[in-house]
Structures are given as structure tokens and as C-alpha cells.
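First comes the structure, then the notes that go with it.
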Number of protein chains: 2
Amino acid sequence: MARKQEEAVQQEPATRWPVSTAKRATIRDVAREAGVGIGTVSRVLSGHAPVAPATRARVEAAMRKLGYRPSRAAQALPRRRTNAIAVVVPLFTRYFYVEVLRGIEQALAASAYALVIYSIERAADRDRAFEDLVESRRADGALVVSLTPDSSQVESLQSLNLPAVLIDSAHPALPSVLVDHERAAADATRHLIRLGHRHIALIDHQEDPVRLESTSGRAPGYRQALSEAGIPWRADYEVIADFTPEGGQTGLRSLLALPEPPTAVFVGSDTQALGVLEAAREAGLRIPGDLAVVGYNDVEVARYVGLTTMRVPMREMGRRGAELLLNALEQGQYDPAHICFQAELVVRRTCGPVSRRNDSSARQDGLQ
Amino acid sequence: MARKQEEAVQQEPATRWPVSTAKRATIRDVAREAGVGIGTVSRVLSGHAPVAPATRARVEAAMRKLGYRPSRAAQALPRRRTNAIAVVVPLFTRYFYVEVLRGIEQALAASAYALVIYSIERAADRDRAFEDLVESRRADGALVVSLTPDSSQVESLQSLNLPAVLIDSAHPALPSVLVDHERAAADATRHLIRLGHRHIALIDHQEDPVRLESTSGRAPGYRQALSEAGIPWRADYEVIADFTPEGGQTGLRSLLALPEPPTAVFVGSDTQALGVLEAAREAGLRIPGDLAVVGYNDVEVARYVGLTTMRVPMREMGRRGAELLLNALEQGQYDPAHICFQAELVVRRTCGPVSRRNDSSARQDGLQ
DNA sequence: GAGTATACTGGAACCGGTTCCAAACAGCAA
DNA sequence: TTGCTGTTTGGAACCGGTTCCAGTATACTC
């Protein structure tokens with residue numbers, strides 16, 4: 001009888017936080033205390049304009065004495081900038097997005113910008129986030145991950161003078177950082193072909209529910225690599241499955257049930273690939289002997305599981321996107337780049353030559 | 001010759017974003033357009049005070065015509081609130097923190113609050129974040145994850161009237177949401193004891209670099225369970241390793257090198273437990289036959305790998321913490337709770353009875 | 001000693017909202 | 001018509017900073 005995760009609430013004497021005690025000191029209080037004008041205090045704060053050393057010292061003493069802290073809200077108004085950057089990101093939990101966020105965070109850490117997150121779980125959120133972002137001018141710029149704003153949204157961004165950079169999505173009017181998914185998929189498939197495989201299946205996931213256009217490009221790349229090699233494309237070798245290990249698992253099961261099961265699978269995400277490995281083990285297949293598997297993304301555990309996969313430079317993408325945006329903010333104009341990263345094949349233990357018969361046809365390393 | 005992940009930059013005609021074109025319409029513009037006073041426009045916006053239907057319609061028409069959007073920055077000043085909540089979170093990449101964030105996000109999605117993230121990677125960041133948070137009043141409240149503010153920080157939070165809730169850490173003056181790590185560790189160890197194990201090791205990680213006090217509680221719980229069962233504690237069975245799969249791997253290797261290696265390991269994190277499983281496989285140990293493993297957290301892949309582990313309700317913790325904070329903001333006073341969640345043992349495939357000799361002593365399910 | 005930079009400084013005006021007070025107006029009873 | 005509520009409305013004052021202009025003091029030149 002499993003104990004439920006009950007939560008024990010320990011009551012304590014009610015901790016009222018002082019509802020309206022100490023009023024914060026304002027710039028005028030400091031000015032009075034130091035016997036100077038508010039302009040002088042402001043100058044001391046910003047450091048832009050010259051202030052006599054003696055005066056500066058008096059003002060600083062007053063600030064310290066009063067525990068003065070400038071209010072960002074008040075600064076934001078005349079400065080016309082919030083010193084925050086908004087990130088619009090779908091499906092917070094997926095490794096890919098977390099990694100991108102991490103990269104963004106790294107780039108922003110050095111700057112003075114705060115990070116405001118808009119998480120999108122459903123398509124409806126998407127528009128709400130854009131609304132809020134654009135309307136409220138809560139941030140000075142936006143990073144949009146894996147989401148393509150529609151033209152009216154791009155228009156409002158522009159008319160509001162709100163610079164935005166797309167990461168893993170594209171729009172002609174906005175700078176973007178992307179991965180050549182199509183080429184990556186082709187490379188992954190070519191690797192399997194070079195290993196001698198002719199029966200190569202694809203297990204991919206549906207596009208994210210919030211991403212309106214499907215630009216994944218994995219299927220096109222896969223097909224192209226096949227056709228290059230003169231391998232006929234087979235509809236029954238292309239499986240769409242959930243973006244979960246279980247999805248991959250059922251995906252592979254259905255492939256193994258075919259009259260002529262594949263000897264290799266290219267899986268559109270490592271998350272699914274983990275399930276593929278599990279299903280293979282469960283079916284008694286030896287990897288890579290009986291089945292070769294290539295994943296996609298290079299998730300943290302992939303290295304550990306020994307999964308051969310296409311490494312997508314997720315963190316770098318975030319970093320680069322943030323840098324682009326910071327530049328734009330600084331310069332007042334876009335760096336007009338569309339930066340395209342290439343995924344890199346990482347060979348590990350889950351793929352090898354097609355069978356023991358022709359093991360001389362290729363070796364596991366030095367292939368690229 | 002592996003192709004490096006080069007980035008191809010495609011130049012495009014410089015996309016200058018209009019530097020200072022359309023000035024945003026202000027509330028005064030709307031008032032003029034609609035032929036009313038600014039007060040009336042404000043009333044229409046807020047909906048608080050009564051406005052004659054005809055007037056409201058005129059104002060709304062004017063707003064639409066001018067594309068008017070109220071500025072949050074301007075609203076924040078007189079309202080004395082920013083409608084944002086700050087989350088101070090260490091080590092963004094760890095699954096635990098991402099899950100907590102996810103829970104927070106869920107709770108906040110319904111509210112009108114934006115989410116501002118302060119990510120802490122080094123101890124120095126911690127104070128900087130608090131400084132910024134407190135000083136600048138960028139948010140109306142704060143959620144602090146796994147970090148214990150020092151007393152001066154708590155003081156400034158209180159003197160500034162900034163409500164804060166701690167998640168996975170505690171302070172007498174602040175509400176908190178935590179897990180009973182000690183009990184959880186004891187439960188995990190007891191489970192192994194009940195399976196008949198007497199040689200039980202602990203592999204744990206150092207405290208997070210940014211968390212000053214070490215309140216993990218895993219070692220104490222482990223030791224307590226041992227002593228309850230009359231099993232002598234052995235220094236060589238307690239290993240501290242990096243918070244990575246590799247850490248777990250080397251941890252287990254060192255345990256296996258002992259003259260009397262353990263038959264079971266309780267690992268302080270699933271991340272490390274994955275490495276433990278790998279090291280066991282590599283050493284030719286059968287799991288759970290030769291080695292029983294219990295992890296900690298119930299990371300996403302744990303289920304999939306079949307890892308028996310203590311489930312920590314990470315998302316719930318985030319959600320609950322955010323709710324506490326939202327309540328505090330709404331009511332102007334703290335819900336004075338210290339909420340304590342219990343971790344739950346999730347039995348999967350990585351632990352079983354001590355050896356084949358006494359396999360009748362316990363069964364894998366129905367143990368709790 | 002007058003003339004003129006130069007270095008500081010004070011504070012009004014402003015950013016774009018909210019709030020509140022007083023005024024305008026409508027409706028109704030006396 | 002007058003007096004008295006009650007509803008709407010206008011706009012000044014304010015939130016807490018920044019900016020800029022004008023003014024004062026000091027220094028330097030001739």
C-alpha cells in the first residue's frame with residue numbers, strides 16, 4: 001500500500017508581512033538629506049555627468065544613510081527602456097528548449113538585462129504572449145524560440161520598435177538562428193547508408209502543437225539521402241510517433257512487425273530514440289548488430305547511453321541569438337544575419353555495419 | 001575528418017529597424033481623440049469606476065483607431081507594482097530545477113504575473129541576484145529555489161515589503177515548501193534493508209556550489225535507517241561524487257574495488273544513478289541480481305530505464321510555492337505555512353532481494 | 001579688471017499612467 | 001422652481017526617476 005505523497009502543513013504563528021511600513025527613500029529624500037538638488041543625485045547615480053568629488057561623497061553618504069535604492073520602474077519610464085529581454089519559448093520541459101534557454105542565460109548573464117519568460121504550452125498561449133509582450137512593452141527586445149510569428153505580429157513588433165530574434169525558426173523580416181534540419185537528417189541517413197544499410201526507417205515526431213508551420217525538415221532530408229543512394233522510399237518505413245520514449249518504443253514495435261523490418265532507424269529525437277533502444281532490447285535485437293540507431297539532438301543522456309546521434313548545438317544557438325539581440329539593442333539596428341548552424345554526427349555505439357556478413361564495408365569511426 | 005559545426009552567415013540587405021518612427025499613442029492622445037478627459041480613459045482601461053456606455057464606446061473606438069496600448073512601465077509607477085514575479089534558481093540545467101520552474105510556470109500561467117528569472121551559477125551570482133531583486137523592485141514577489149537567503153537578505157526583503165517564498169530550502173521568517181530529504185533517504189534505505197540487503201552503500205553528490213548550507217539530509221537518513229536495522233555504518237560505503245552520470249560511474253567503481261563490495265546502493269540523484277547502472281553493466285554485474293540500485297528524484301528517464309527511485313514531487317513543489325506567493329500578494333499577508341512534501345518510493349526493476357539464495361524474503365511489489 | 005570658457009549645480013518639465021477631488025449634470029421630491 | 005441625491009466626468013497632482021536649461025562659481029586669458 002503505497003503511501004501517497006501527502007503534504008504536512010505545519011501551522012505557525014501568522015507571519016504578517018508589514019503591510020505598509022517603511023516608505024522607500026526617493027531621490028528627493030536623498031537630495032534633501034545631502035543638501036543638493038535632485039539633478040545632482042541623479043548625476044551621481046548615472047555617473048554620466050560631472051559631479052564635484054565632495055558633493056558626490058555627500059550624496060553617497062546620504063544614499064547609504066537612507067538605504068536608498070533607485071526604482072527600476074521609475075527609471076524605465078523616462079529612459080524608455082526596461083532593461084529586460086523577453087523569451088518566448090514553447091514546452092518548457094523539453095531538453096532542447098531548456099538548453100537553448102541556458103545558452104540565452106549565459107549570454108545575458110554578463111549584461112544588465114533581466115530575463116522574462118513567456119512559456120507557451122498551447123497554441124492559444126502563443127498569441128497571448130505576443131500580445132502581452134508587444135502591448136505592454138515589458139521588455140526591450142524578444143527572443144522567440146521555435147515559434148514563427150505571423151505577419152501581423154511581426155508588424156506590431158516593428159511598428160513598436162521592438163527588436164526580435166528568432167531561434168530555430170525563420171521569418172524574412174527578422175534575424176534568425178537556425179539549424180539545417182534537412183541537411184542534418186540527410187547526413188544521419190547517409191551515415192547509415194555508408195554503413196551498408198538499405199532498409200532504413202524513420203521515426204519522427206509530430207510538430208510541436210504550438211508551432212503552426214511544420215518545418216522540421218527531417219523527413220525531406222531522410223528522403224533525399226535515400227534517393228541519392230538509389231534506395232527506394234517506402235511509406236511503411238516512415239513512422240510518426242509521440243515525442244516520448246514510449247512513442248519511440250511503439251514506433252519501433254510497429255516497424256518490427258513489418259514483413260521486412262528495417263536494419264537501421266533514424267529517429268527524429270533522442271527522447272524517442274531511448275524508447276527505440278528499449279523496444280529493441282525487449283525484442284531481443286542486438287544493437288548495433290541487428291539494428292542500427294541514430295538519434296537527433298544529442299541530449300545529455302545520449303552520451304551516456306552510447307547513442308549515436310546528430311548533435312544540435314542547442315546552447316550555442318541560444319547564446320548566438322541572445323548576442324544578436326543584444327547587438328541590436330546596443331546599435332539600434334539589426335545585425336541582418338540569418339545564422340545557420342550545422343548539426344554534427346556523433347558516432348557512439350548504437351550503429352554499425354549492416355550485419356556480420358559484410359563487416360568490412362565500413363568502420364565505426366573515421367566515417368565522417 | 002569530422003566537419004566542425006561551422007556557422008554559415010548569410011548576409012542580407014541591412015534590416016534597419018526604424019529607429020524612432022511611430023511614437024506610441026498615450027492616454028492623452030486617446031483622450032483628445034475621444035473628446036474626453038484622461039481620467040475617463042483610465043477608467044475605461046481599468047474598468048473599476050463607472051463610465052457611461054456611450055462614453056466608453058467612444059473611448060474604445062479611439063483606442064482602436066490609434067492602436068493604443070497602455071505601457072506597463074508607466075502603470076507600474078503609480079500602481080506600485082510590476083505584475084512580475086522573480087524566481088531565483090540555481091543551476092538552470094538540472095532536471096530538478098527545470099521541473100520546479102515548470103510547476104511555477106503552471107501556477108503563474110493563469111495569473112497576470114510575468115516570470116522573471118534570475119539564474120545563479122556561482123555563489124557570487126547569488127548575492128548579485130538578491131541585490132538586484134531587492135534593490136530594483138523589479139518584481140512584486142520572489143520565489144527562491146534551493147537557496148537560503150542570509151539574515152540580512154531576509155531583512156531587506158521584509159523591510160522592502162517584498163514577499164518571498166522558499167522552495168526546497170527553509171528560513172524561520174519565510175514560508176517554505178520542502179521535501180523531507182532525510183526521511184526519503186531513510187525510506188529508500190529501509191526498502192533495501194527489507195529486501196534483505198546488509199551491505200548498502202550511499203553515493204551522493206556534494207551540495208550545490210551555490211548553496212551555502214548543506215541540508216541535503218540524504219546521508220543522515222541513510223545512516224539512521226542503517227542504525228535502526230542494527231547494520232553498522234561503514235565509512236568506505238559512503239561516497240561523494242560529481243553530480244553527473246560519470247560521477248556515479250566512478251563512484252560505483254570505487255565501491256566495487258572494495259574488499260567487500262556492497263550488494264545495494266542508494267544513489268542521491270537519478271543522474272548519478274544512471275552512471276551507476278552503466279558501471280555495473282560494464283563490470284558484468286546483473287541488476288538487480290548482483291546489485292540493487294535506488295535512485296533519487298524520479299527524473300523523466302528513470303521510468304524508462306526502469307530505475308527504482310524516490311519520487312520527489314518537483315513540479316508540485318513549484319506549483320505550491322507559487323500559489324503561496326500569489327496568495328501572499330493577494331492577501332497582503334503570508335500564508336504562514338511550511339509545507340513539507342514526502343518523497344514516494346517508486347519500485348521499478350533495479351532492485352530485488354539480496355541474492356538468489358533468499359529470494360523468498362521479499363517481493364518486488366507490495367513492499368511499501 | 002573685464003571677458004570668457006569651464007566645472008558644477010538646482011530644479012522645472014517630462015515620461016505615461018493612476019487617483020482623487022470638485023464640478024457638471026440628471027432625476028426626483030417638495 | 002428649488003434642493004438634494006447620485007452618477008459621470010475633467011484634470012491637477014502624483015508616482016520616482018531623467019533631462020535639459022539656466023545660473024553660479026571658479027579659472028584662465030589678455
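Convention: sequence-line order gives letters A, B, ...; per-chain numbering from 1. Just so it is clear, the model here is predicted, and its values are computed rather than measured.
When the P atom of C:dT18 is taken as reference, atom CZ of B:Arg81 falls 13 Å away, rounded to whole Å. One can place CZ of B:Arg69 at 20 Å from C1' of C:dC15, the figure rounded to the nearest angstrom. When the P atom of C:dG16 is taken as reference, atom CE of B:Met63 falls 17 Å away, rounded to whole Å. Taking atom CZ of A:Arg79 as the reference point, atom C1' of C:dC15 lies 13 Å away to the nearest angstrom. Note: CD1 (B:Ile27) to P (C:dC14) measures 18 Å, nearest angstrom. Rounded to whole Å, atom C1' of D:dG11 lies 14 Å from atom CZ of B:Arg32. Going from atom CZ of A:Arg138 over to atom P of C:dG16 covers 18 Å, rounded to whole Å. The interatomic distance linking B:Leu77 (CG) with D:dC14 (P) rounds to 14 Å, in whole Å.
Using modelled atom types, one side-chain atom of A:Arg58 and one backbone atom of A:Ala34 make a donor-acceptor pair closer than 3.5 Å. Judged by distance alone, with hydrogens and angles left aside, the side-chain atoms of A:Gln158 form no donor-acceptor pair with the main-chain N or O of A:Glu155 at under 3.5 Å. A donor-acceptor pair under 3.5 Å links the side-chain atoms of A:Thr82 to the main chain of A:Arg138, judged by distance alone. A:Asp140 contributes a side-chain N or O that, together with a main-chain N or O of A:Asn83, makes up a donor-acceptor pair within less than 3.5 Å.
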Taking N or O atoms only and anything under 3.5 Å, show me the protein contacts with nucleotides 9-13 of chain C, one pair per line.
from, atom 1, to, atom 2, distance (Å)
C:dT9, OP1, A:Thr55, OG1, 2.1
C:dT9, OP2, A:Ala52, N, 2.9
C:dT9, OP2, A:Thr55, OG1, 3.4
C:dG10, OP2, A:Gly37, N, 2.7
C:dG10, OP2, A:Thr40, OG1, 2.8
C:dG10, N7, A:Arg43, NH2, 3.2
C:dG10, O6, A:Arg43, NH2, 2.8
C:dG11, N7, A:Gly39, N, 3.4
C:dG11, O6, A:Arg43, NH2, 3.0

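Side-chain nitrogen and oxygen atoms of A:Gln75 include none within less than 4.0 Å of the OP1 or OP2 phosphate oxygen of D:dG16. Note on A:Arg80: every side-chain N or O is 4.0 Å or more away from OP1 and OP2 of C:dC14. Contact between the side-chain N/O atoms of B:Ser42 and the OP1/OP2 oxygens of C:dT18 is found at a separation under 4.0 Å.
Comparing C:dG17, C:dG16, D:dG17 against the side chain of A:Tyr68 picks out D:dG17 as the nearest.
Taking each heavy atom of A:Tyr118 and A:Ala86 in turn, the nearest pair found is CE1-CB, 3.7 Å. In this structure, A:Ala62 and A:Glu33 approach most closely via the heavy-atom pair CB-CG, 3.5 Å.
At a threshold of 4.0 Å, the pair A:Glu105-A:Arg102 does not count as salt-bridged, since none of the basic side-chain nitrogens sits closer than that to a carboxylate oxygen.
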